[in-house]
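Every heavy atom of this structure was used, including side-chain atoms; hydrogens, water molecules and symmetry mates were not. Per chain, numbering begins at 1; letters A, B, ... match sequence-line order. Owing to the predicted nature of the structure, the values given are computational and were not obtained by experimental measurement.
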Amino acid sequence: MGILIDKTTRVLVQGITGHEGSFQAKQMAEFGTNIVGGVTPGKGGSEVYGIAVFDSVSEAAGETNPDASVIFVPPRFAADAIFEAIDSGIELIVCITEGIPVHDMMRVCSYLESASSRLIGPNCPGITTPGESKAGIMPNSIHRQGNIGLVSRSGTLTYEIIDLLSRNGIGQSTSVGIGGDPVSGTSFVDVLEFFEKDPKTHAVVLVGEIGGTAEEDSIGFIKQMSKPVISYVVGISAPPGKTMGHAGAIASAGGGTALEKIEAFEKAGIAVAKNPTEIVRIIKDII
Amino acid sequence: MGILIDKTTRVLVQGITGHEGSFQAKQMAEFGTNIVGGVTPGKGGSEVYGIAVFDSVSEAAGETNPDASVIFVPPRFAADAIFEAIDSGIELIVCITEGIPVHDMMRVCSYLESASSRLIGPNCPGITTPGESKAGIMPNSIHRQGNIGLVSRSGTLTYEIIDLLSRNGIGQSTSVGIGGDPVSGTSFVDVLEFFEKDPKTHAVVLVGEIGGTAEEDSIGFIKQMSKPVISYVVGISAPPGKTMGHAGAIASAGGGTALEKIEAFEKAGIAVAKNPTEIVRIIKDII
Amino acid sequence: MKLYEYDAKEIFKGNSIPVPEGSLISNPGDAENIAGKLGTVVIKAQVMTGGRGKAGGIAKASNPKEAYKSAQRILGMSIKGLPVNKLLVEEYKKPDKEMYLGITIDRAAKCPLIMASPEGGIDIEEIAKTSPRKIVKIHINPLTGIHDYQARMLANSLNKNKSLMIADIIKKLYRVFIDYDCTLAEINPLADAQDGFFALDARMVIDDNAFFRQDFREEETGSLEETAKKNGMSYVGLDGDIGCIVNGAGLAMATLDLIKQYGGEPANFMDVRAGANEEQMKIALRIVSSNKKVKAIIINVFGGLTKCDEVARGIIDVIPEIKAPLVIRLAGTNENEGRALLEKYRVTLASSSEEAASAVVKLGNSDR
Amino acid sequence: MKLYEYDAKEIFKGNSIPVPEGSLISNPGDAENIAGKLGTVVIKAQVMTGGRGKAGGIAKASNPKEAYKSAQRILGMSIKGLPVNKLLVEEYKKPDKEMYLGITIDRAAKCPLIMASPEGGIDIEEIAKTSPRKIVKIHINPLTGIHDYQARMLANSLNKNKSLMIADIIKKLYRVFIDYDCTLAEINPLADAQDGFFALDARMVIDDNAFFRQDFREEETGSLEETAKKNGMSYVGLDGDIGCIVNGAGLAMATLDLIKQYGGEPANFMDVRAGANEEQMKIALRIVSSNKKVKAIIINVFGGLTKCDEVARGIIDVIPEIKAPLVIRLAGTNENEGRALLEKYRVTLASSSEEAASAVVKLGNSDR
C-alpha cells in the first residue's frame, strides 16, 4: 500500500560507490528496501555492502530486472545517468542529485514526455512508504505507518514535518519529496493523483515554497479530490529576486511569492497551515 | 472509402505560391480535392487560384481547420515546414519535396514518434483516392475507382502501373507513394495496415526498389494479411554502391539488392511480378 | 549569476547580435575620448540593478565635454547602495521603435519560452500588466531547438516588413541562451534604428549550476553571500536582527517565517545544506555573527545525514567568539548526544522550531 | 559524396580525433623528404575505391630511399581503373590491436547507428559475416545526440581498460558525423598503438542533399555522371550497349530490368527527373549517345508534369546528331501530340515499356 513504491519494488542505486551513494544504499537496505543492484561505470563486478555493482544500467537491468533507480551521481553526470535509466526502461527514477544545470533538466524532461519512465526530482529526498520501502534519503527513524500522504518540494523541512506527525501519532501512507529545482520530473498534481487513488491515504499534506506556480497549478486538481489536502507554504519572509537555497526557490515581481500561493489556496478553500504545529492540529481536526 | 484521404479531407498546401506548389494546387483542386488554404511565409493575404494564402501553418490551421497538408517547399526549408505542420496539429502531412538532407529527416522522424501526425514522404508523389481526393502530384487522368490498393516507393513507375491497371479495367481504392528517400515517415507496413482494414480494398500492389530493407520488413505483416499482395521490385540491373536516382535507391554488399528482396518475397509465398504487365495478369488471376 | 550589461553585450557581439559600438571605462577622460570618436554617446552606469535610468545612472552626451561631465557625475554615484565604478560609453542609436525580446525558462512547461513585444524599453512585467495582448510567447522544445517558423512568427509580431532581420536576431539570441546556459537572455529595448536593429540593453543570467562548463567567474565582492557560497552554503542578507542558521532551504524559510510570526525580523537566510558538519557549523556561525546588526542567533538543525553531536561540537568551538545569545534546536540523528554536549554552555536549548523561534525573538528584543 | 582518406583525416584532425602525422604529396621526392622527417612511413594511394592494399597501393617504407621508390611505383599505378595521382605519406604507427568504429544511418530505425568491433582492419560486412557477435551496435536518438553512457558502453566493448580514451573518440566521431552531414563516418582500423589511439584509415561519405550548408565541392572529372548531375539529372554508367533515358528513378530501373529480361544489356541508368522538358531531353540524349558503346537508345517517358510533346521536340532537335537507332515510348500528358510529332522521323515508336524494351534490344543486337 501507499504510492509509487512498496516492499516488492526492485531498486537500483546509480552512483552506488560514491560517498553518499554507498551510505544511503546501506540506509535504504536497513529500512527494508529491496535493493537489487548498483551501478558505477568502471566499478562493475565489485560489491557495496553486499550489493552487486554493474558498469551500466542496461547491464544491471538485464541481470536484476529493477523497477526503480535512485540516482546519486554528481551534477555534471546526473542528466546522463537519468537518460541511461530512461533508455534502460526503468519505470521509476528518483534523482537525489542537487545542482544539475537547468538546461540539462529541460532536455531530460522533454525526452521523458515520450518515454514510459517517471522521474522524481532532481534535488529531492525521494520517496518513503513506511513499513514497505524507501527510495531516497529521508532519515529512517522518523517515519510511522499511517494514512497521511505527504508531498513536498523541501528536504529537511519534510523530515521535520514527518517527524512531528509521527511523534503526534499521525502515520504516513507515503512521503514524496519532489525536489527544489525549477524544472523537475514530477509535479504536485502527479503525486496528488496517486494519493487520490490510493485507498490507504485519507488526507494529504502539501508542502510548498516560493518560486514558480507549482502550488497554484495544483489547485484545480485539489478541488476535484475526494480527500482533504492541508497546505503549508514557506518563504513569506523571502525577498524577491533572491534564491533561497534551492535553485527553484526564487520569487520575483512576476510572481511566485509565498503570499500569492497562500492566498490562492485560501481562496480555493484549501486548508492552509501557518507552521508545522498547525499541520498537526488541522489533521487532528479532520480525522 | 479508400485510405488516408477522402472527399471530406481538408487539405492545406504549404509552399503554394511556388512554381510547383501553385500548379499542383490547381491540379488537386481540379481532381476534386477539398483545398482549404495555402501557406507561404510573407505572402499571407494573397490568393492562388482562389485559394487563400496564410503566413504560417498555425494561422491557416486556426482559420481553415485542415486535416492534411501537402508540402512543396524547397529542400532546405522543408524539414522546418514539416515541423511547423506537426506543431500545428496537422494529422496527415504529405511531403513532396525531393532533396531534403537525411539528417533533417532523422530529426523529423524522431520528433514524429511522440507526435500525433503521420508523414508520407518526403520525395514522394503523395496519395490519390480516385473519385474522392488527391493529396500529391500523381497525374489526374490515370486513376480509376476500384478495389486495388497500391503502395510504392517510386514516382513515374507508380503512374505507369496505375495507368496500366486503369487501362485494363482494374480500379484503385487508393494509391500511396511513400517516397524514395532512405529515411521517411511512413513505411510499407503502415500503409498495408490501412489497406488491410479498408473494406474497399481487395488486394494490394506493392512496388519496391533497391536499397534498405523496407520490402523485407513488410513480409511479416503481409503474411498475416487476409488480402493478397502482389509485389514488384525494380533495380535488378543496378550495380551495388551506386545511387539510382532516388537518394534511397542504393544497394551494397551489405544488402538491399533487388534480387534479395524478390527472393525474400518468393520464399514467403508472396506473388512477385517481373514487369508491369505481369502485375495486371496476376491481379486478373486473383480476382 | 547576472552579467553586467557590458559583458552581455560582448557576448552578443561575439554571436553577431548587433549592439552599438562602445567601450567600458572607469574614468571621465576615457569617456571624453570615446565621445570624440563616436559622436553622440550614451553613458551607462554598470551596476547590477535595474532602475539605473530613473536613478540618473544613464546620460546622453552630444559632445566630448558633455561626456566627460556626465561620466564624472555618474562615477561618483551609488545606485541602490551599489557604487558605480565602471561605465559603458556607446554610440547613440536613435530608435524609431523600441521592442522587447527575451528568453526565459518556463518552469511549468519545462522548456525555454521566448517572449516578444512591439512595446519595449520597460520591464516585461510592466508590459504584461499594461498590454498583455501585445506579448507573443512561444515555447521551444529543448531537444529540437528553435525552428525557423517559430522565429518568423515572433518576428512577424514585432514588424512584419522587417521580419527576416528580426528572426535572425531571435535565432542568435536563442543560440546564446543555450550556449551560455542562460536562465534569462533579454534584449530590452531592441531598437529599430535608421541603420538597422540594435540591442540597446542586454541582460543575461547564467545558471550557477552550469559553471563547470561555462567560463564565468563571479566578481569578488567579499560579501557574506560570497563567503557562504565558497563554503558550500547559501546566505541571503535581510534587514532584521535575528541571525539564522538552518540546515536545508525549506526548513530555513520555515524558520524565518516563524520568527516573523513571533514578531521578530530575520537578519539573514542561511542554509548550511543537508550534510553540515562541525567545520561547516563553525564557518556558518562566524558568517552570521559578523553582521553587526544581529542581536540574537537561532540555530535550527534537523539531522538526517547531519549528526547533531557534530553540529554541537562546531557550535561549542565558536561560542567564545559569539556575543549574541544563541538559541539552539537540534533534532534527528544523535539529537540527545548533541543536546547533552551543549547543556553546560550558556545557550538556550529548544525542542521544536516554534519554541526556538519564539525564544530567539524574545532574546533579540530584550536589550542586554 | 565520398571523401578521400586524406580529406577525411584532415577533418578528423580538426575535430581532435587522433590521426598519424602525414602529408598529401604527388611526387616521389616529397615522399623521400617526409620519410626523412617522420622515420618509418606508410604510403597510401589516394583513390576513391576499396581494396587499395590488395592492389599494392599501400606500402610501408622504413627509410627515405625506400619511400621514394614505393611512391614512384604507386604513382604509376591504376587501381580499379582509377589512376593514382596523389599519395598520403604518414608516420607508421604499429598497432597492438586494430579495432572498428563506424557511424552510419539505420534506415529502418531512422536514426544514426554506431557500430564498434574489437576486430578491425577488414570491411564491416566481412566482420558481420565472420564474427557478428563481436559487433556492438547502438542507436542514437538524433534529437538528444549521443549520451556519455552510450559512448562508454561502446568503448567498453572495445577495451574496458582504455574505455575513457575510446569513448572520447566515439563522441568526437559522432560530432563529425552530425556536423558534416555524413551518411558514413568510419575509422577502420582504429589502432591501439604504443603512444595512443589512432585512426589509421578514415572514410566519410557526405549527404549530397546537404551541400547547401556544407563546404564541399565535388572533384571535377568531366564524367558523364557529373555532366548529368550539373543538369539536374542522374546518370550511372553501366557495362552494356543499350542507352537509356527515362523520367523517374523507379521507371528507369524498371526499364533497365526489362532490357535485361529481353536479353539486352543497358549501357547506362539515366533519370531525367519528373519535370523534364525540351532542353533537358536534348542534353540527356547527347550525354547518353556520347558513350561510344551505345548501339541503340530507348527513351521511356511517362508524362505527369512532363509534357510528351515537349519531350518529342527535344528529341527531334537532336535526331540529326544521333547515329544509334531510337526507340521511343511516350505516355501520359500530351501523349498523342508527342507521338504525332515523331511519326515523320526514323524512330521506333512503342506503346508500352515492355514493347519499347523488346524493340530496343532487337535493334541493339542487329548489326547495322
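Checked by atom type and distance alone, the side chain of D/R107 never pairs as donor or acceptor with a backbone atom of B/D181 at under 3.5 Å. Judged purely by atom type and a 3.5 angstrom limit, B/H246 has no side-chain atom pairing as donor or acceptor with the backbone of D/G250. The backbone N or O of D/N247 lies less than 3.5 Å from a partner atom in the side chain of B/T156, making a donor-acceptor pair. Within the 3.5 Å criterion, the main-chain N or O of B/G185 finds a donor-acceptor partner in the side chain of D/K110.
For the atom pair D/S352 OG and B/D163 CG, the distance stands at 11.0 Å (nearest 0.5 Å). The line from CG of D/L143 to SG of B/C109 is 10.5 Å long, rounded to the nearest 0.5 Å. Annotation: the span from B/I236 atom CD1 to D/I259 atom CD1 amounts to 13.0 Å, rounded to 0.5 Å. For the atom pair CD of B/E113 and SG of D/C111, the computed distance is 8.0 Å after rounding to the nearest 0.5 Å. Taking NE2 of B/H103 as the start and OG1 of D/T183 as the end, the distance is 7.0 Å to the nearest 0.5 Å.
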Margin query: Go through it in stages, so that I can follow the logic: the residues are B/K242 and D/F269, the test is side-chain contact (heavy atoms from CB on, under 4.5 Å), and I'd like the CA-CA distance, side-chain angles, deciding distance and then a yes or no.
Written below: CA-CA 10 Å; B/K242 295 280 182 185; D/F269 166 94; over 6 Å; no
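Only the side chain of B/I142 comes within less than 4.5 Å of a heavy atom in chain D; its backbone stays farther off. Contact of D/Y235 with chain B is not made at all, since no heavy-atom distance falls under 4.5 Å. Contacts of B/N275 with chain D are made by both backbone and side-chain atoms, with heavy-atom separations under 4.5 Å. Both the backbone and the side chain of B/T277 come within less than 4.5 Å of a heavy atom in chain D. When heavy atoms are compared at a cutoff of 4.5 Å, D/I178 approaches chain B by way of both its backbone and its side chain. Of the atoms belonging to B/Y111, heavy atoms from both backbone and side chain fall under 4.5 Å from chain D. Of the two parts of B/V233, only the backbone, made up of N, CA, C and O, holds a non-hydrogen atom closer than 4.5 Å to a non-hydrogen atom of chain D. With a 4.5 angstrom heavy-atom cutoff, B/T158 does not touch chain D via any of its atoms. Only the side chain of D/N141 comes within contact range of chain B, with at least one heavy atom under 4.5 Å from a heavy atom of that chain. Using a 4.5 Å cut-off between heavy atoms, D/A252 makes no contact with chain B at all. Heavy-atom distances place the backbone of B/T243, and not its side chain, under 4.5 Å from chain D. Within the 4.5 angstrom heavy-atom criterion, atoms from both the backbone and the side chain of D/L256 approach chain B. Heavy atoms of D/K260 lying under 4.5 Å from chain B belong exclusively to its side chain. For chain D, the nearby part of B/Q24 is the side chain; its heavy atoms alone come within less than 4.5 Å.
Contact detail for D/D257 and B/G235: the closest heavy-atom pair is OD2-N, 2.7 Å.
Counting heavy-atom pairs closer than 4.5 Å to chain D, the top-ranked of the candidates B/G208, B/G211, B/P125, B/P75 is B/G211. Top candidate by heavy-atom pairs under 4.5 Å with chain D, chosen from B/P101, B/G245, B/S154, B/P139, is B/P101. Counting heavy-atom pairs closer than 4.5 Å to chain D, the top-ranked of the candidates B/G180, B/S152, B/G155, B/G212 is B/G212. Each of D/P112, D/A357, D/A249, D/S353 has some count of heavy-atom pairs under 4.5 Å with chain B, and the biggest count is that of D/A249.
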Using atom types as modelled, flag every donor-acceptor pair under 3.5 Å from a side chain in residues 204-213 of chain D to any protein atom, sequence neighbours excluded.
residue, atom, partner, partner atom, Å
D/D207, OD1, D/N209, N, 3.0
D/D207, OD2, B/V102, N, 2.7
D/D208, OD1, D/M1, N, 2.6
D/D208, OD2, D/K229, NZ, 2.8
D/N209, ND2, B/I100, O, 3.4
D/R213, NE, D/D181, OD2, 2.8
D/R213, NH1, B/D104, OD1, 2.9
D/R213, NH1, B/D104, OD2, 3.4
D/R213, NH2, B/D104, OD1, 2.8
D/R213, NH2, D/D181, OD1, 3.0

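In this structure, D/R329 pairs ionically with B/E160, as a charged nitrogen and a carboxylate oxygen lie closer than 4.0 Å. Between D/R273 and B/E98 a salt bridge is recorded (basic side-chain N to carboxylate O distance below 4.0 Å).
When the shell of 6.0 Å around NZ of D/K134 is examined, it contains 12 or fewer heavy atoms from other residues, nucleotides or ligands.
The closest side-chain heavy-atom distance from D/E354 to B/P276 is below 4.5 Å. Between B/S237 and D/M253 there is no side-chain heavy-atom pair separated by less than 4.5 Å.
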